[in-house]
Asker: 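One structure, as structure tokens, below. Some questions next.
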Amino acid sequence: MKAIRIRGGLSFRAEPRALAVVCGLAVLALAAGVVLIGTGDLSIAPADVVGSLLGSGTPAQDFIINELRLPRVLVALLVGASLGISGALFQSISRNPLGSPDVIGFGQGSSVGALTVIVFFQGGAVAVSFGALVGGLATGVAVYLLAWKKGVHGYRLVLVGIGAAAMLTAGIHYLLTKSTLVDATRAMVWLTGSLDGRDWAQVWPLLVLFVVLLPVVLAYGRPLRMLEMGDDAAYALGVPVQRTRTVLMLSAVLLNASATAAAGPISFVALTAPQLARRLTRATGPNILASACMGAALLVVADWAAQRLFGESTLPVGVLTGMVGGVYLLWLLVTERRAGRI
């Protein structure tokens with residue numbers, strides 16, 4: 001552990017390895033973003049992409065990059081980072097590697113909210129995003145209240161969340177049966193999770209919410225580390241346990257819901273990003289920044305792979321993350337079982 005001092009008398013402690021991992025993942029995410037911006041029917045070299053972003057590109061390149069492709073990449077970076085932080089918070093609060101938003105029902109809640117707007121109100125993109133945000137928040141509140149019994153504890157939160165996910169999945173199927181062919185097609189496209197057609201209208205709400213919530217989450221980093229030792233130990237160390245847990249869960253739900261509202265339900269990024277980040281940093285605690293950078297890098301690389309590795313056809317990024325994440329989930333379950341934790 002190393003103390004780092006900055007101007008104004010402020011200081012913080014950081015593991016050198018963890019700091020190096022965060023910087024490395026951030027560089028990887030940005031480099032992958034540059035490559036992704038240059039990917040498409042008209043390929044653009046990374047050097048030309050950087051030049052255009054710095055203001056020295058041709059008018060044609062500036063239009064393609066800044067108006068068509070840059071918003072998609074920014075949405076990918078912000079959605080991946082939001083999902084990574086959300087997953088890290090839930091896994092840390094529940095003290096369970098399976099305590100991920102897409103496992104314990106929050107992604108399904110956002111999907112129900114979005115499909116309700118599509119099926120019953122034929123709402124546009126903004127209304128669908130608002131419905132997804134409301135659905136995710138309502139699910140978070142419901143799961144929190146149902147899991148409450150003299151506080152919220154890890155395995156109870158996961159079990160209640162899995163039950164809620166099953167019920168909400170049934171709700172999704174019901175809504176699809178009640179929809180017209182046009183609405184059902186639109187709903188299925190949304191449910192796959194995709195970055196196609198994303199523009200600046202999705203970037204700004206994501207960016208504002210991310211900028212507001214990231215300092216809140218980081219400010220609660222130390223109490224969250226203490227919560228991982230158990231409620232009794234945290235109480236003894238002076239941590240306001242329930243207030244800390246409530247603030248962090250609300251932040252995690254908002255981050256997950258906003259990411260789902262912007263890109264649809266992107267599976268398994270929230271589950272895998274914190275686990276991979278922790279294995280790289282080898283540090284205790286939630287690894288908030290490492291999880292954010294890992295989530296951003298995973299989603300940008302997955303979007304590039306979905307566009308380039310399947311011939312002329314391109315996959316929605318949610319399909320690819322679902323396939324890879326499902327394999328990872330099976331591996332995680334086997335590992336946890338062998339370790340005697342499940």
Side-chain angles (χ1 to χ4, degrees), residues 78-111 113 132-148 151-158 160-162 164-165 168 205-206 208-228 239-263 265-275 277-278 285-296 299:
L78 289 168
V79 167
S82 297
L83 292 175
I85 294 175
S86 180
L89 291 176
F90 276 116
Q91 290 175 22
S92 185
I93 289 170
S94 64
R95 286 179 283 167
N96 190 321
L98 296 177
S100 169
D102 43 8
V103 173
I104 59 178
F106 299 115
Q108 290 86 343
S110 294
S111 298
L133 189 62
V134 172
L137 285 172
T139 303
V141 172
V143 169
Y144 185 84
L145 293 177
L146 290 171
W148 178 276
V152 176
H153 298 283
Y155 276 98
R156 189 160 63 240
L157 177 66
V158 173
V160 170
I162 290 174
L168 290 166
L206 266 176
V208 170
L209 197 61
F210 187 82
V211 169
V212 169
L213 291 177
L214 181 60
V216 174
V217 171
L218 293 176
Y220 277 87
R222 185 171 178 270
L224 183 58
R225 290 170 67 101
M226 295 178 182
L227 276 180
E228 291 185 343
V239 175
V241 172
Q242 295 308 325
R243 186 182 71 188
T244 299
R245 186 177 284 125
T246 300
V247 170
L248 290 175
M249 282 192 64
L250 178 61
S251 299
V253 169
L254 283 170
L255 287 167
N256 182 75
S258 64
T260 305
I266 306 292
S267 303
F268 291 112
V269 173
L271 175 70
T272 57
Q275 294 295 314
R278 181 169 291 192
N287 289 283
I288 299 297
L289 290 178
S291 298
C293 294
M294 177 62 77
L299 193 54

Asker: Compare every heavy atom of G109 with every heavy atom of L168, then report the nearest pair and how far apart it is.
Answerer: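 Where L168 meets G109 most closely, the heavy atoms are CD1-N, 3.6 Å.
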
Asker: Which heavy-atom pair separates G105 from T139 by the least distance, and what is that distance?
Answerer: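 Shortest heavy-atom separation between G105 and T139 comes out as O-CG2, 3.5 Å.
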
Asker: Output the distance between atom CG (L271) and atom CZ (F90), rounded to the nearest 0.5 Å.
Answerer: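 It comes to 13.0 Å.
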
Asker: Are side-chain heavy atoms of I85 and F210 found at a separation under 4.5 Å?
Answerer: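 Counting from C-beta outward, I85 and F210 do come under 4.5 Å.
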
Asker: Could you tell me whether a side-chain N or O of S92 sits under 3.5 Å from a main-chain N or O of A88, the two making a donor and an acceptor?
Answerer: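 Flag not set: sc S92 to bb A88 has no pair under 3.5 Å.
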
Asker: CG of L89 to CG of N256: how many Å apart, nearest 0.5 Å?
Answerer: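 Answer for the CG-CG pair, L89 versus N256, is 10.5 Å.
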
Asker: Of all heavy-atom pairs between S110 and A257, which one has the smallest distance, and what is that distance?
Answerer: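 Where S110 meets A257 most closely, the heavy atoms are OG-CA, 3.9 Å.
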
Asker: Any side-chain heavy-atom pair from T260 and V79 closer than 4.5 angstrom?
Answerer: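 T260 vs V79: side chains apart.
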
Asker: Does some side-chain heavy atom of M294 sit less than 4.5 Å from a side-chain heavy atom of T272?
Answerer: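 No; the side chains remain at least 4.5 Å from each other.
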
Asker: Measure the shortest side-chain to side-chain distance between Y144 and T246 over non-hydrogen atoms and say whether it is less than 4.5 angstrom.
Answerer: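 When only atoms from C-beta onward are counted, T246 and Y144 do touch, with a gap below 4.5 Å.
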
Asker: Any donor-acceptor pair under 3.5 Å linking the side chain of S86 with the backbone of S82?
Answerer: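 Not at all, since once roles are kept as given, no pair shorter than 3.5 Å links the two residues.
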
Asker: Any side-chain heavy-atom pair from L83 and L255 closer than 4.5 angstrom?
Answerer: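 Heavy-atom side-chain distance check fails, nothing below 4.5 Å.
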
Asker: Looking only at heavy atoms, what is the nearest atom pair of L254 and L133, with distance?
Answerer: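 Shortest heavy-atom contact: O-CD1, 4.4 Å.
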
Asker: What closest approach, in Å, do T244 and P223 show between heavy atoms, and which atom pair accounts for it?
Answerer: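 Nearest heavy atoms, T244 then P223: CG2-CB, 3.9 Å.
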
Asker: Of the non-hydrogen atoms in Q108 and A165, which two are nearest, and what is the gap between them?
Answerer: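 So the two residues come closest at NE2-CB, 3.8 Å.
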
Asker: Do L218 and L289 have side chains that approach each other closer than 4.5 Å (heavy atoms only, starting at C-beta)?
Answerer: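 L218 vs L289: side chains touch.
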
